[in-house]
Amino acid sequence: MHKYRTHNCSELRSKHENKTVKLSGWVHRKRDHGNLLFIDLRDHYGITQCVIENSSENFKILEKIKPESVISIIGKVFKRNSENINKDLPTGEIEVEFKELQILSEAQELPMPVFGEQNYPEDTRLKYRFLDLRRQTIHDNIILRSKIISFIRKKMTELGFNEFQTPILTASSPEGARDFLVPSRLNPGKFYALPQAPQQFKQMIMVAGFDKYFQIAPCFRDEDGRADRSPGEHYQLDMEMSFVEKEDIFSTTEPLFFELFSKFGNGKKVSDFPYKRISYIDSMLQYGTDKPDLRNPLKISDVTEIFNSNEIKLDIFKKQINRGAIVRAIPAPNSIKKPRSFFDNLNQWAKDEGANGLAYLLITKNKGKLIGSGPIAKFFSENGVNQITKKCKISDGDVVFFSCEKQQIAEKISGLARQKVAQELNLIQYNQFHFCWIIDYPLYKYNEEEKKIEFSHNPFSMPKVDYEEFDKKDPLKILAEQYDLVCNGIELSSGAIRNHLPKMFYKVFSKVGYSKEDVNRKFGGMIKALLYGTPPHGGMAPGIDRIVMLLAGVENIREITLFPLNQNAQDLLMNAPSETTDKQLKELNIKTIKKDKN
RNA sequence: GGACCUGUAGUGUAGCGGUUAACACGUCCCCCUGUCACGGGGAAGAUCGAGGGUUCGAAUCCCUUCAGGUCCGCCA
């Protein structure tokens, strides 16, 4: 007989009746009837009920044993009477009667019980993560994560991608997030950086001729955490392909995501591919964001022109429009019967968000004519109402909200309002995964505070403009072969066709203030690689954590991470970060500055 | 760096100016041979995160501070 077990705790059925078996596991739950004791024995696979009578020599020991102790038992499998069968357990037809007992590891009284699914404070859970992880929900989440990663690995390999590891100790890269630095002992005063992503390495893998690469890649960014974003580290399905256009990348990955989400999506509907492609500009207009939730059917319209015409005499808006504001309209179908508070609350909400507010117009039909009502209706001509209803595709019984702001604020407010209205009106179809691609991102954006042009996305993307035309165009109008994969309003991935032409590389960087020398110094490896025969290439890097969160249906990244850091980037279990010894610091040529604690 | 929320026995919650701070789970003791959130009876366990203030009186109100979380900034 095996030292610890002949079966796991989820295996035994009535066909095993009368067999003598050995099980090992945790004492999940005890039910002590005085002269009869039930113990639910739990392992990774499940739970088996074990039973012992007071005639047994081990009865007294088991009565005293603490939950979560690890025991090993030898016993005989008995079929339960029909009235005692537990339909909730796969092993509910049988129970195991104790013959021999071995205590493998005694547990102390628990700081957080495993049994039951109480909500414990985050710090307790992280401090006792090994107990937390025994609990079914999170245990299942972690297994889901493992299965997702295995599935992705298998699929990517089948698709002809090669999995490679890239360095963890590498060079700090300009642009992007704050780096984690690692001091070099052999090179005093110098530092490695942990990779924010293997971006340059994967491009050089293409230069090296490997054609298709992927990796479940750890990415390190020293930025503050959020519920959906771990401080410190996260994982991406990093991938890159040679001799491709963006449609090749889309058609390669769409079936992968379709299969992945169909397989692990708990029966939720998954959008059929090809996924909808939406240009960045359209997305910002219609959805007020570059990560639209397409489970929400509402679309925003631009009605600046109509408000600026003589058909609407709303002077407050006209004045704002003259100062560069725009007007965006958010439809609220079939909401005319909503109480006044519904409209006023949204207006108040917009003001709380720092906006001017949300005006609204109610639409009814009378004798074949659409008529506007509500606080601002008196400013609309009949034709004005018609133009609005036509543009916003609304009709009898609908309401439309208007946000008049500077473009950026109008987009933000209308986007949020679109989501709020849809929630209030129950229009969001929650039982689906709705994918889309956002394409044609602008290469640059203008930084108002620093009064300069900067990269809006990835600096390595290929501009959608010929080299000769580059300088003739307004930089802010130049688009890039840059795309995002979005699902249910969550950005799953960024990606791009890369800029593989050295002269274009210099050109692109020159607009954000990098001289040729700057580029050579800061991207020396990359630019050198482009000089010796580079295949056109592109790829993307979907966030593993976000995929798992979507599929597990959780809002917090710590629910799908084995050993996460807390918001202050501390590991409460391992006690990291921690102070180090003077000897270690000396070896590294590092002095620490003691901060005053007044 | 900023804003907001939370902090009460081992654990989860209630109490939100007025005697011995309540309930549930857990722990300990007693009873119980068919439970599966077993049941019944009893006991122990809390200077209400910490410090200061207001008040005749503070878990409760105010200030400071610490810890955790959420968001903004930051980040793809």
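Values reported hereafter were calculated over all heavy atoms of this structure, with side chains retained and with hydrogens, waters and symmetry mates removed. Within every chain, numbering begins at 1; the chains are lettered A, B, ... in the order of the sequence lines, protein sequences first and strands thereafter.
Using cut-offs of 30° and 60° for the angle between ring planes, the A:His44 and A:His139 rings count as tilted. Between A:Tyr441 and A:Tyr280, the ring planes are tilted. Angles from 30° to 60° get that label. Under the 30°/60° scheme for interplanar angles, the aromatic rings of A:Phe161 and A:Phe214 are found to stand perpendicular.
The separation of B:G40 from B:A50, taken at their P atoms, amounts to 35 Å, rounded to a whole angstrom. Across the C1' atoms, B:A9 and B:G18 are found 23 Å apart, a figure rounded to whole Å. Separating the C1' atom of B:A58 from that of B:U8 is a span of 14 Å, rounded to the nearest Å. Nucleotides B:C74 and B:C63 are separated by 30 Å at their P atoms, to the nearest Å. Nucleotides B:U13 and B:G49 have their P atoms positioned 14 Å apart, rounded to a whole Å. Look at the C1' atom in both B:G15 and B:U33: the space between them is 42 Å, to the nearest Å. Between B:G7 and B:G42, the distance separating the two C1' atoms is 32 Å to the nearest Å. B:G26 sits 13 Å from B:A37 when the P atoms are compared, rounded to a whole Å.
Side-chain contact check for A:Arg29 versus A:Arg42: every heavy-atom pair is 4.5 Å or farther apart. Looking at A:Ser494 and A:Gln482, their side chains come closer than 4.5 Å, going by heavy atoms from C-beta outward.
Contact annotation for A:Gly92: no contact, since no heavy-atom pair falls under 4.0 Å across all strands. Backbone-only contact: A:Asn566 has heavy atoms under 4.0 Å from sugar-phosphate atoms and none from a base. In this structure, A:Lys64 reaches the sugar-phosphate backbone alone: every heavy-atom distance under 4.0 Å involves primed, P, OP1 or OP2 atoms, never a base. Across all strands, A:Glu83 comes closer than 4.0 Å to no nucleic acid atom at all (heavy-atom distances). Among the protein residues, A:Leu37 comes within range of no part of the nucleic acid, since none of its heavy atoms lies under 4.0 Å from any strand. Residue contacts for A:Asn568: at a heavy-atom cut-off of 4.0 Å it reaches the sugar-phosphate backbone alone, with no base atom in range.
For A:Glu122, the side-chain atoms get nearest to B:G68 when compared with the rest of B:U35, B:G68, B:U70. When the nucleotides B:C29, B:U11, B:G34 are ranked by their closest atom to the side chain of A:Tyr120, B:U11 comes out on top. Residue A:Arg80 has its side chain nearest to B:G34 when only B:U11, B:G34, B:U27 are considered. Taking the side chain of A:Lys66 as heavy atoms from C-beta on, and the options B:C28, B:U33, B:U35, the nearest nucleotide is B:C28. Closest contact between the side chain of A:Asn556 and the listed nucleotides B:C36, B:C32, B:G69 involves B:G69. Side chain of A:Asn86, nearest nucleotide from B:U11, B:C36, B:G34: B:C36. Here the side chain of A:Asp224 is nearest to one of B:G34, B:C74, B:G68, namely B:C74. The side chain of A:Arg29 approaches B:C25 more closely than any other nucleotide in the set B:C75, B:G68, B:C25. Across B:C75, B:G34, B:G68, the shortest atom-to-atom separation from the side chain of A:Ala177 is found for B:C75.
Counting to the nearest Å, the P atom of B:G39 and the CG atom of A:Asn35 are 18 Å from each other. B:U27 atom P lies 16 Å from atom CE of A:Met112, rounded to whole Å. If you take CG of A:Asp571 and C1' of B:A67, they are 17 Å apart, rounded to a whole angstrom. At whole-Å resolution of the value, NZ in A:Lys127 and C1' in B:G10 are 12 Å apart. Following rounding to the nearest Å, A:Glu109 (CD) and B:C25 (P) show an atom-to-atom distance of 15 Å. The CD atom of A:Glu53 sits 13 Å away from the C1' atom of B:U35 (whole-angstrom rounding). Distance A:Asp132 CG to B:G12 P: 12 Å, rounded to the nearest Å. Distance, A:Ile85 CD1 to B:C36 P: 15 Å, rounded to whole Å.
Place A:Leu565 and A:Pro111 on RNA chain B by their nearest nucleotides, and A:Pro111 ends up nearer the 5' end. Remark on RNA chain B: of its neighbouring residues A:Gln236 and A:Asn81, the 5'-side contact belongs to A:Asn81, judged by nearest-heavy-atom nucleotide.
Not one side-chain nitrogen or oxygen of A:Arg546 sits closer than 4.0 Å to the OP1 or OP2 atom of B:C75. Here A:Lys30 does not reach the OP1 or OP2 of B:G26: none of its side-chain N or O atoms lies under 4.0 Å away. In this structure, A:Asn119 does not reach the B:G12 phosphate: none of its side-chain N or O atoms is under 4.0 Å from OP1 or OP2. Regarding contacts with the backbone of B:G68, a side-chain N or O of A:Gln570 is found under 4.0 angstrom from either OP1 or OP2. Contact between the side-chain N/O atoms of A:Gln567 and the OP1/OP2 oxygens of B:U70 is found at a separation under 4.0 Å.
When both distances must be under 3.5 Å, the Watson-Crick or G-U wobble mate of B:U20 does not exist. The partner of B:U27, taking Watson-Crick or G-U wobble pairs whose two distances both stay under 3.5 Å, is B:A43. Pairing partner, B:A37: none, since no Watson-Crick or wobble contact has both distances short of 3.5 Å. Summarising the base pairing, B:C48 is matched to no nucleotide, lacking a Watson-Crick or G-U wobble pair whose two defining distances lie under 3.5 Å. Under the Watson-Crick or G-U wobble criterion, with both distances below 3.5 Å, B:C4 is paired with B:G69.
If you check distances only, the side chain of A:Arg229 does reach the base of B:C75 with a donor-acceptor pair under 3.5 Å. Looking at A:Arg226, its side chain comes within 3.5 Å of the base of B:G73 through a donor and an acceptor atom. With hydrogens and angles ignored, no donor-acceptor pair closer than 3.5 Å exists between the side chain of A:Glu223 and the base of B:G73. A donor-acceptor contact under 3.5 Å is not formed by the side chain of A:Arg31 with the base of B:C32.
With rounding to the nearest 0.5 angstrom, the CD1 atom of A:Ile65 is 5.5 Å from the CD1 atom of A:Ile71.
Because its NZ or CZ atom is not both nearer than 6.0 Å to the ring centre of A:Tyr120 and within 45° of the ring axis, A:Arg125 does not count as a cation-pi partner of that residue.
Residue A:Phe435 forms a side-chain contact (heavy atoms from CB on, under 4.5 Å) with just one option from A:Leu294, A:Leu492, A:Asn488, and that option is A:Leu492. Across A:Glu233, A:Arg178, A:His234, a single residue satisfies side-chain contact (heavy atoms from CB on, under 4.5 Å) together with A:Arg221, and that is A:His234.
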Inset, instruction - Give the intermediate values and the outcome of ring-ring contact (aromatic ring centres under 6.0 Å, His included) for residues A:Phe257 and A:Phe433. - result: CA-CA 10 Å; A:Phe257 276 94; A:Phe433 293 108; over 10 Å; no
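Stacking between A:His33 and the base of B:C38 is present: ring centres sit under 5.5 Å apart and the planes differ by under 30 degrees.
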